[in-house]
Amino acid sequence: MGDDLKKRIEAARSAYAKPNEDALSTAPSKGMGLGFRMATEFVSAVVVGGAVGWGLDQWLGTTPWLLLLCFCFGFAAGVSNVVRVAQAAQNLPGDTSDTDEGE
């Protein structure tokens with residue numbers, strides 16, 4: 001029974017060590033999707049911030065101050081979203097990139 005277990009362990013290790021051809025063939029599209037997601041989240045945050053500011057300016061008659069303020073908040077929210085998505089993508093279990101090259 002010990003030899004059987006060793007064979008199963010070796011088979012599992014060799015299967016795990018082999019690169020997955022499907023994952024390699026979809027890697028560029030995966031990166032492009034991530035990039036489009038980041039761009040969409042950034043642009044939508046800026047647009048929503050600007051729209052809220054414009055609406056508040058029209059309602060309160062404070063043109064252009066709330067538009068500028070909310071636009072800046074939207075920009076900050078967009079940057080925050082992009083950083084959050086990038087950090088989440090960096091910690092994916094299937095990521096094979098070496099992030100500790102200089103250390």
Side-chain angles (χ1 to χ4, degrees):
M1 181 157 166
D3 291 332
D4 183 42
L5 180 60
K6 287 181 184 179
K7 288 178 185 178
R8 288 181 21 206
I9 290 173
E10 287 302 319
R13 283 184 181 163
S14 64
Y16 182 74
K18 289 181 185 175
N20 187 353
E21 283 99 19
D22 293 336
L24 293 176
S25 66
T26 60
S29 62
K30 189 175 186 179
M32 186 181 293
L34 184 64
F36 278 125
R37 178 180 172 197
M38 288 177 165
T40 302
E41 289 198 18
F42 179 75
V43 170
S44 63
V46 172
V47 168
V48 167
V52 167
W54 181 80
L56 288 173
D57 271 341
Q58 296 301 312
W59 183 44
L60 299 173
T62 57
T63 305
W65 301 112
L66 289 178
L67 171 67
L68 294 174
L69 181 68
C70 289
F71 184 81
C72 291
F73 283 144
F75 183 82
V79 170
S80 174
N81 286 343
V82 168
V83 169
R84 179 183 45 83
V85 169
Q87 286 177 343
Q90 202 171 30
N91 295 330
L92 288 176
D95 188 17
T96 59
S97 63
D98 186 17
T99 57
D100 297 330
E101 286 183 50
E103 297 178 311

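Sequence positions, counted from 1, serve as the residue numbers for this chain. Keep in mind it's a predicted model, so treat the numbers as computed, not measured.
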Do V43 and V48 belong to the same hydrophobic cluster, where Ile, Leu, Val, Met, Phe, Trp and Tyr are linked whenever their side-chain heavy atoms lie under 4.5 Å apart, directly or via other members? no

Keeping to residues at least two apart or across chains, list the ring pair (Phe, Tyr, Trp, His ring centres under 6.0 Å) pairs with something in residues 42-88. F42-F75

Looking only at heavy atoms, which two atoms of C70 and G49 are closest? And how far apart? CB-O, 3.0 Å

Of all heavy-atom pairs linking M38 and V82, the shortest is O-CG2, 3.6 Å

L67 to G50 - nearest heavy-atom pair and separation: CD1-O, 3.2 Å

Shared ILVMFWY cluster between L68 and L60, side chains joined below 4.5 angstrom? no

Please list all pairs passing the side chain to side chain donor-acceptor pair (under 3.5 Å) test where one or both residues lie in residues 66-79, with sequence neighbours left out. none

Qualifying salt bridge (charged side-chain N to carboxylate O under 4.0 Å, His left out) pairs, either residue in residues 67-78, two or more places apart: none

Going by salt bridge (charged side-chain N to carboxylate O under 4.0 Å, His left out), name the pairs with one or both residues in residues 40-67, residues two or more places apart or in two chains. R37-E41, E41-R84

Using the side-chain contact (heavy atoms from CB on, under 4.5 Å) criterion, which residues pair with A45? Sequence neighbours excluded. A77, N81

Heavy-atom check, side chain of L56 versus side chain of T62, under 4.5 Å: no

Under the rule for side-chain contact (heavy atoms from CB on, under 4.5 Å), what residues qualify as partners of S80, not counting sequence neighbours? none

Between the side chains of E10 and R13, is the shortest nitrogen-to-carboxylate-oxygen separation below 4.0 Å, so that they form an ion pair? yes

